[in-house]
Amino acid sequence: MRGSPMPDHSAARSFPVLPSQIDLPATEHEVLKRWSERKIFERSLEQSQGNPNWVFYEGPPTANGQPGVHHVEARVFKDVFPRFKTMRGYHVDRKAGWDCHGLPVEVAVEKELGLSGKKDIEEFGVAEFNAHCRESVLRNVGAFTAMTERMGYWVNMDEAYRTMDPEYVESVWWALKTIWDKGLLVRDYRISPYCPRCGTTLSDHELAQGYETVTDPSVYVRFPVTSGPLAGPERPTSLLVWTTTPWTLVSNTAVAVHPDVAYVVATDGAERLLVAEPLVSAALGEGWTLTGERFEGSEMERWTYQRPFELVAFDEPAHFIVLADYVTVEDGTGLVHQSPAFGADDMTVCRAYGLPVVNPVRADGTFEGGLDLVGGTFFKTADSALVEDLRARGLLLRNQPYEHSYPHCWRCHTPLLYYALPSWYIKTTAIKDELLEQNARTNWFPENVKEGRYGEWLRNNIDWALSRSRYWGTPLPVWVCPEEHYTVVGSLQELGGLAGRDLSTLDPHRPHVDDVAFDCPHCGGRAERVPEVIDVWFDSGAMPFAQWGAPHRNNEAFEATFPGQYICEAIDQTRGWFYSMMAVSTLVFGHSSYENVVCLGHILAEDGRKMSKHLGNVLEPMDVMERHGADALRWFMVASGSPWMPRRVGHEALEEIVRKVLLTYYNTASFFTLYAGAGGAWSHGRLAEAPAPQDRPLLDRWLLSELNRVVKGVGEALDRFDTAGAGRLLTTFVDDLSNWYVRRSRRRFWAGADTPEGNSAFATLFEALESLTLVMAPLVPFITDHVWAALRRPEAPESVHLAHWPQAREDLVDTELSEQMALTRRLVELGRAARVDSGVRTRQPLSRVLVGAAGFARLPEQLRDQIAEELNVQELDPLSAVDGDLVEHTVKPNFRALGKRFAKRTPLVAEAIGAADARALVEQVRSTGWAHIEVEGEPVEISSDEVLISEQPREGWAVAAESGETVALDLEITPELQRAGLARELVRLIQDARKSGGLEISDRIDLWWSAEDPVTARALHEHERTIAGEVLAVSVTEGAPQGDAHSTTSEDFGVTVHLRKAA
RNA sequence: GGGCGUAUAGCUCAGUCGGUUAGAGCGCAUCCCUGAUAAGGAUGAGGCCCCAGGUUCAAGUCCUGGUACGCCCA
């Protein structure tokens, strides 16, 4: 019977009530307001001042276009770990940053202004154009800022670094000068897709838009061998070379072969040609036989040959065979003509051999004027004259049209040229070993990126093509005089010194910086800045020092925060920011800038495709957060699926998170405040009076055990950057807490805190909610802080984000109890299944349940009581106590255990176990722990661990069994049981009447009843006190009331009840 | 073309050291419980664990080779 009164809303409360209904987005706005008014973020930084630093570097988002949900992903991870580490006692500075420069910004501004191409921009004016770029960046920063605040990403945006700020640019200049001084900044050629009509290079994105299918000549050409074993007049041999761009033969520089491919000599009786073995028939057709001469590509290195055209001069040695892995035997001849000015692969290979870059084609796409045969001709139209000339000189074997896809300018449809343009490089290949060493010391999450995608990229490192012929970027700080003396400038002050005037307030962007010229320190000639700006990846890779403006200013701040402990971005940054961060710092300081890097998979739309406006599947982050709340979106990002993998986000997934995780957690807290707060039933002061944990009921001890396991596990998971693991632990615990602990403890909460059991329940639930709130706080900072505000002890910090991570009490972790409770819950499930099968509802008490399960014998009384209560049975007995004839035994082999001992004989032993007499075997195992069986005539002893025993009553019972565990219900319903069941039905009936009568849960009632059914009447008399207690009746009267009352009649039970709120 | 990753129920995903009855949630159907109730529980239907080989007493799990998809790079 219920001892204490129900919660009384009018009495003094020890806890504010968390209403059972909550509007999560609205609550989040309140929390945001409190954070801002009470300066919680600022205070969390102040209060950790002086603690060890844990340094996080913000990878600056490109403030180009509006933020999408995919931006939320990385930003959640950037928030979770700093919050976690702060709670762990570190000082975690969080400086925001914005990536401001780059082509995407330029393209967006071009569109806005209706410009198209570099000519338009220059006519419009670079100064004005760049002003628009700056304005566009600032506009988009606003949208990012709003989203960042709304999602609860704590980052200092007031002191954000911006890659376009003069101090930032100066730091970048300093880094470039340092690299120059080390001899690693060089000018060289770079192959770019280039439109000769527009006079501009195209980005990859532009390139992708312009592929067209065209027919080009494809020619097979003889290159006579002039050195090596196949040279000489007695058996003249030619390399057979295939190309679809005859015009590039003018500048032929080398021939590439694959080192591991075999090349053979074929003859038609008249001449001898060298071709890759797998391509002989494809390239030559009928009528050719092999001479038997055969060479590995690697043997042919540096054999010389006669080049096809002598139209341009070569000042350095060239025209020999080189080795290249990219050569294929898919088509052609396996011998690939090399012209480094017109192909990226050619350029890489030829540069490795120190070959010259000869380029006879001018920027307008025509050959140089003075050349024979092709002078002044547009490159593409030179093909026919060249092919004719080859034919005339007997060098052409075959010419056939070849259809393929070739890139064209998306603006003017001119065929593009892959064209060598002078470009600035950083010789990262020179520090490749250092980069590999730095990578070896870096922790990657997930781990496979380290040696996989990223390691592969480092091992195949190529020099960093740094310069861009664009406008809105960090200008390359290189000045050159007519004598080609280069001067690299590391700061505005230095530039001012060279120019002889104060330039400290100069905007270090184009065109202003282009206007500064000075006398060359070497020769006194006029030095002008080179026209290029730099790759934006260098900007962002410089952020560890450039965000402070170091070393020109704030150098102490930089040194105190280098290297960083943690960076995090999506997987596409492997060769982007992750690389530039490691490369820039290794170039400048000889050390990578980060220790741990988290690498996230992409966020996809619900249909599994990328979100794009075009497909109409975009989720706008602010809308999502206003609908489901930022916490739901955050939880999705950190705990749904695996963050390392691509994931689909949609409303359904978020709704489920709200229901299963956030509301379940919140409702538990709400339940607690309702009962603890009522009339001051329980307050923090009572914690001291609560029984010591080991003296509490087993249910409480179990919860504390699970709690401390979870606290420890979540801390360890987050230390490993494993948010999904932390999420799984928390989800399970929230479910355990709400749907087992609270449900099984409800009566103790109703009873109040005045008994040791009651106080123990309140204390246990409080401790669980307190710790749970703390460990969930980094993941879902809003709802936890809201709950914290209601629950916190008076002496605790006002925000959960100012609190410390809880210490896991490992001494309270009781593995055996966990297992026993798991068994208890499995048995309850089986019992419920048995009830469903039998059709006897749970409200009907039953006399007895039989349980067959290993471990049941050791199950403590308190846990058996849980089973009995939950299943509504009066008695719980072991199946083994029942007369053996009524029980059927089955024995199954435990392969895991048997395999260890019997290895190859396992199947035989298993078979023998199955064949043995189950009942006899069970009896042996039960009495001695061992059983004898025969395997192929030999006696074998089997231990109890090596078999799985299950037992079932033969008949007359409602049985459910799984994995060797059995629950059997005795279905005999005696008249006493029937009346007890009726009493429960009547309680239910009256409770319904209370509810429909609009009574408060704590209202007392007067109750009248009249029963036609004599059984019901007897049940009412017999169980009157119980019923009265359950429904809060202060009086129970047989008969009808005077005056108004709320009435209900049940045909099923032949009863009418009337109730009225008691005076 | 190369590198890396992924593939398990209609959907989203777990699956530890290889152990013979592969799980959860959602959705669907049927039912139960209910003063935490916009919740909870039970039952059911639904599986070529992508395919083919191999290793092993034993493979969703380890190895090899394919196929499909994704990302990055050419």
Side-chain angles (χ1 to χ4, degrees), chain A residues 6-7 18 20-22 204 325-326 328 330 344-345 348 446 448-449 451-457 459-460 462 570-576 601-602 604 606 608-610 636 640-642 644-650 652-653 655-660 663-664 666-675 724-725 728 731-732 735 738-740 742-743 746 749-750 828-837 839-843 870 872 892-900 902-910 948 960 962-964 984 988 991-992 994-995 999-1003 1030-1032:
Chain A
M6 292 291 287
L18 291 168
S20 63
Q21 305 293 312
I22 183 173
D204 291 346
D325 287 330
Y326 86 89
T328 70
E330 298 287 304
D345 288 326
T348 310
N448 60 52
V449 181
E451 295 305 332
R453 184 178 286 218
Y454 187 74
E456 202 60 32
W457 160 247
R459 283 189 289 278
N460 297 320
I462 51 168
I571 184 81
D572 54 300
Q573 296 297 329
T574 1
R575 295 171 182 205
H602 284 130
L604 305 174
E606 211 156 15
R609 294 190 284 185
K610 266 192 201 174
F636 176 86
S640 223
S642 168
W644 325 131
M645 294 208 282
R647 290 173 297 165
R648 303 176 181 198
V649 64
E652 264 186 42
E655 277 161 15
E656 189 183 330
I657 288 165
V658 168
R659 277 210 325 274
K660 300 295 287 189
L663 287 185
T664 308
Y666 175 80
N667 280 334
T668 309
S670 162
F671 173 91
F672 174 81
T673 61
L674 181 65
Y675 286 97
R728 275 194 293 274
T731 312
T732 310
D735 187 64
S738 167
N739 291 325
W740 186 250
V742 171
R743 195 158 57 82
R746 253 182 305 199
F749 291 110
W750 290 339
V828 166
E829 276 181 27
L830 287 170
R832 285 202 280 245
R835 273 204 179 251
V836 170
D837 279 350
V840 179
R841 47 178 46 174
T842 310
R843 269 198 297 270
E870 192 69 17
N872 196 18
K892 286 189 174 176
N894 178 358
F895 280 91
R896 188 189 281 259
L898 290 172
K900 273 184 197 151
F902 295 103
K904 286 199 181 189
R905 290 170 66 210
T906 306
L908 296 172
V909 179
L948 301 168
E962 198 175 289
S963 307
R984 291 265 303 238
R988 161 100 187 98
Q991 297 286 33
D992 255 0
R994 283 181 58 110
K995 213 173 184 179
L999 290 154
E1000 295 292 322
I1001 57 169
S1002 55
D1003 288 340
E1030 290 290 325
V1031 304
L1032 302 184

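Per chain, numbering begins at 1; letters A, B, ... match sequence-line order.
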Duplex segments of RNA chain B, taken as runs of at least three Watson-Crick or G-U pairs that stay under 3.5 Å: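 RNA chain B stems, ordered by first number: B:1-7 with B:67-73, B:10-13 with B:23-26, B:28-32 with B:40-44, B:50-54 with B:62-66.
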For A:R988, what residues pass the salt bridge (Lys or Arg N to Asp or Glu O under 4.0 Å) criterion, not counting sequence neighbours?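 Here the qualifying residues are A:D992.
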Qualifying residues under side chain to side chain contact (heavy atoms under 4.5 Å, CB included), relative to [X], sequence neighbours excluded:
X	answer
A:A344	A:I191
A:V828	A:W740, A:R832, A:I867, A:E870, A:L871
A:L908	A:V935, A:E936
A:F895	A:P893, A:T906, A:A910

For [N] versus [M], give the span between their [atom1] atoms, rounded off to a whole number of Å.
N	M	atom1	answer
B:C4	B:G65	P	11 Å
B:G23	B:U61	C1'	15 Å
B:A45	B:G27	C1'	13 Å

Choose from B:A36, B:C13, B:C71 the nucleotide whose nearest atom is closest to any side-chain atom of A:R743.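 Nearest nucleotide to the side chain: B:A36.
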[X]: partners by side chain to side chain donor-acceptor pair (under 3.5 Å), with sequence neighbours left out:
X	value
A:R984	none
A:D735	A:N739
A:E456	A:R459

Starting at CZ of A:R746 and ending at C1' of B:G40, how long is that distance when rounded to a whole Å?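 One finds 9 Å between C1' of B:G40 and CZ of A:R746, rounded.
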Between B:C73 (P) and A:R453 (CZ): distance, integer Å: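 Taking atom P of B:C73 as the reference, CZ of A:R453 is at 9 Å.
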ring-ring contact (aromatic ring centres under 6.0 Å, His included) partners of A:F636, counting only residues at least two apart: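 A:F636 satisfies ring-ring contact (aromatic ring centres under 6.0 Å, His included) with no residue once adjacent residues are dropped.
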Dump every N/O contact between nucleotides 56-61 of chain B and the protein below 3.5 Å, one line per pair.
from  : atom 1 : to     : atom 2 : distance (Å)
B:C57 : OP1    : A:K904 : NZ     : 3.1
B:C57 : N1     : A:A903 : O      : 3.3

Provide a list of protein-nucleic acid N or O atom pairs under 3.5 angstrom, restricted to nucleotides 23-26 of chain B.
from  : atom 1 : to     : atom 2 : distance (Å)
B:G25 : O2'    : A:E656 : OE2    : 2.1

